[in-house]
Amino acid sequence: MSFSLTTWNINSVRLRIDQVIRFLGEHEPDVLCLQETKCPNDQFPLAAFRALGYQYVALNGQKGYHGVATLSRIPFAETMIRQFCDKEDSRHLTVELAGTGASNGRKGLRIHNFYVPAGGDIPDPEVNPRFAHKLAFLDELMLWNEQTLPAERPSILVGDLNVAPYETDVWSHKALLNVVSHTPVETERLERFRQVSQYVDAVRTLQPEPEKVYTWWSYRSPDWAAANKGRRLDHIWIAPSLTPALAATKITRETRGWERPSDHAPVTVTLQI
DNA sequence: ATGACGGTTCTTAACCGA
């Protein structure tokens with residue numbers, strides 16, 4: 001059976017609901033994980049998703065900022081939200097898919113949806129509290145990992161991790177070394193977390209370095225497609241037990257060219273389970 | 001070539017994103 005999942009930082013789900021619906025109609029992933037929904041839960045545009053068969057919805061939204069949502073054609077056995085850094089912000093949501101575990105003695109498939117703090121402008125935690133928050137969030141992810149033991153159950157970790165970890169994840173490694181999202185203190189933390197948790201970077205498995213791979217292009221670039229000064233900030237990591245099932249990954253760059261787009265492109269993984 | 005932008009808010013300027 002084929003299973004596909006898309007992660008997309010939509011930068012306001014209400015403003016871009018028509019684009020989300022268009023994407024779902026064209027690509028039909030089984031599960032969609034959104035970040036930066038910027039939408040309180042009671043204002044989430046549920047009807048549009050239900051009409052396309054995404055009946056199962058888990059929300060962690062707040063007003064104005066951040067916000068994650070997971071929409072699915074497969075029922076959930078469980079949903080979980082964890083707070084990070086003792087803040088009330090909406091940056092995490094885990095769902096466990098029903099029918100993927102207990103009946104045959106296995107642990108169910110969990111999907112972890114994250115929106116890691118952006119980190120502000122100055123890459124110095126001493127003078128920039130946002131960067132300090134980002135580093136603390138990445139440190140806390142390591143502790144979270146020890147409780148969830150992703151190597152021991154089928155799981156997928158996705159989201160806007162706001163870090164471009166490898167040299168060919170940015171348009172210029174040299175130019176961005178001191179730019180938030182690609183500084184060594186961030187990239188080393190993220191890579192350490194991934195390695196300790198034993199997650200496999202699905203996109204880089206199928207598009208290994210040194211190929212340049214991006215998922216985000218700044219709004220400020222006047223000709224984003226020609227300049228192509230992107231970064232790979234959005235990620236899909238799969239548990240080691242799922243790697244034999246990894247069939248395809250796709251970054252749908254064309255949505256960045258739609259009218260009034262998100263600055264992030266959707267990233268999709270397909271597994272043959 | 002980190003901005004020439006774009007989102008939200010008890011809006012009309014401030015804040016945040018990355």
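Both backbone and side-chain heavy atoms feed into the values below; hydrogens, waters and symmetry mates do not.
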Rounded off to whole Å, could you give me the [atom1]-to-[atom2] distance for the [X] and [N] pair?
{"X": "Glu186(A)", "N": "dG17(B)", "atom1": "CD", "atom2": "P", "value": "13 Å"}
{"X": "Asn128(A)", "N": "dA18(B)", "atom1": "CG", "atom2": "P", "value": "14 Å"}
{"X": "Lys134(A)", "N": "dG17(B)", "atom1": "NZ", "atom2": "P", "value": "10 Å"}
{"X": "Gln35(A)", "N": "dA18(B)", "atom1": "CD", "atom2": "C1'", "value": "14 Å"}

message = According to ring-ring contact (aromatic ring centres under 6.0 Å, His included), who are the partners of His66(A), at least two apart in sequence or on a separate chain?
response =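 Checked His66(A) against ring-ring contact (aromatic ring centres under 6.0 Å, His included); matches are Tyr115(A).
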query = Got a sec, which residues hit ring-ring contact (aromatic ring centres under 6.0 Å, His included) with Phe193(A), two or more places apart in sequence or on another chain?
reply = Trp237(A)
query = Who are the side chain to side chain contact (heavy atoms under 4.5 Å, CB included) partners of Pro222(A), not counting sequence neighbours?
reply =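 Listed in chain order: nothing, the list is empty.
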ask   = Excluding sequence neighbours, so at least two apart, what forms side chain to side chain contact (heavy atoms under 4.5 Å, CB included) with Glu211(A)?
value =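 Scan of Glu211(A) (side chain to side chain contact (heavy atoms under 4.5 Å, CB included), adjacent residues dropped) gives Arg204(A), Gln207(A), Val213(A).
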Whole-Å [atom1] distance, [N] and [M]:
{"N": "dA14(B)", "M": "dA1(B)", "atom1": "C1'", "value": "26 Å"}
{"N": "dG3(B)", "M": "dT9(B)", "atom1": "C1'", "value": "24 Å"}
{"N": "dT12(B)", "M": "dG7(B)", "atom1": "C1'", "value": "16 Å"}
{"N": "dC10(B)", "M": "dG6(B)", "atom1": "P", "value": "23 Å"}
{"N": "dA18(B)", "M": "dA13(B)", "atom1": "P", "value": "26 Å"}
{"N": "dT8(B)", "M": "dA4(B)", "atom1": "P", "value": "22 Å"}

message = Considering only residues two or more places apart or on different chains, which pairs with a residue in residues 122-134 of chain A satisfy side-chain hydrogen bond (donor to acceptor under 3.5 Å, both in side chains)?
response =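 Output for this query lists Lys134(A)-Glu186(A).
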task = Just grab all the ring-ring contact (aromatic ring centres under 6.0 Å, His included) pairs involving residues 18-41 of chain A, residues at least two apart or on different chains.
result =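 Listed once each, the pairs are Trp8(A)-Phe23(A), Phe23(A)-His27(A).
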Any residue in [range] with a heavy atom nearer than 4.0 angstrom to DNA chain B? Just list them by number, or reply none.
{"range": "residues 211-218 of chain A", "result": "Trp216(A), Ser218(A)"}
{"range": "residues 156-170 of chain A", "result": "Asp160(A), Asn162(A)"}
{"range": "residues 115-127 of chain A", "result": "Tyr115(A), Ala118(A), Asp121(A)"}

task = Kindly indicate whether a cation-pi arrangement holds for Arg232(A) with Trp216(A), taking the cut-offs as under 6.0 Å to the six-membered ring centre and within 45° of the axis.
result =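 Here Arg232(A) fails the 6.0 Å and 45° test against Trp216(A).
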task = Would you kindly compare His264(A) and Val179(A) by the position of their nearest DNA chain B nucleotide and give the one closer to the 5′ end?
result = Val179(A)
inquiry  = Categorize Asn9(A) for me: base, sugar-phosphate, or nothing, with a 4.0 angstrom heavy-atom threshold over every strand shown.
reply    =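 Counting heavy atoms under 4.0 Å across all strands, the contact made by Asn9(A) is with sugar-phosphate only.
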ask   = Within the structure shown, what part of the strands sits under 4.0 Å from Trp171(A) by heavy-atom distance: base, sugar-phosphate, or nothing?
value = sugar-phosphate
Can [X] and [Y] be counted as having a side-chain donor-acceptor contact under 3.5 angstrom?
{"X": "Asn113(A)", "Y": "Gln35(A)", "result": "yes"}
{"X": "His92(A)", "Y": "His112(A)", "result": "no"}
{"X": "Arg253(A)", "Y": "Asn228(A)", "result": "yes"}
{"X": "Asn162(A)", "Y": "Ser181(A)", "result": "no"}
{"X": "Glu191(A)", "Y": "Tyr166(A)", "result": "yes"}

Per-nucleotide protein contact string for nucleotides 6-16 of chain B, where B marks a base within reach and S marks sugar-phosphate only (heavy atoms under 4.0 Å, - for neither) = SSSSS----BS
query = Going by side-chain heavy atoms closer than 4.5 Å, which hydrophobic residues are tied to Val179(A), directly or by a chain of links?
reply = Val170(A), Trp171(A), Leu176(A), Tyr214(A), Trp217(A), Trp224(A)
Residues 40-59 of chain A side chain polar contacts: donor-acceptor under 3.5 Å, at least two apart:
residue: Asn41(A); atom: OD1; partner: Gly61(A); partner atom: N; Å: 2.8
residue: Gln43(A); atom: OE1; partner: Arg14(A); partner atom: NH1; Å: 2.4
residue: Tyr54(A); atom: OH; partner: Pro29(A); partner atom: O; Å: 2.5

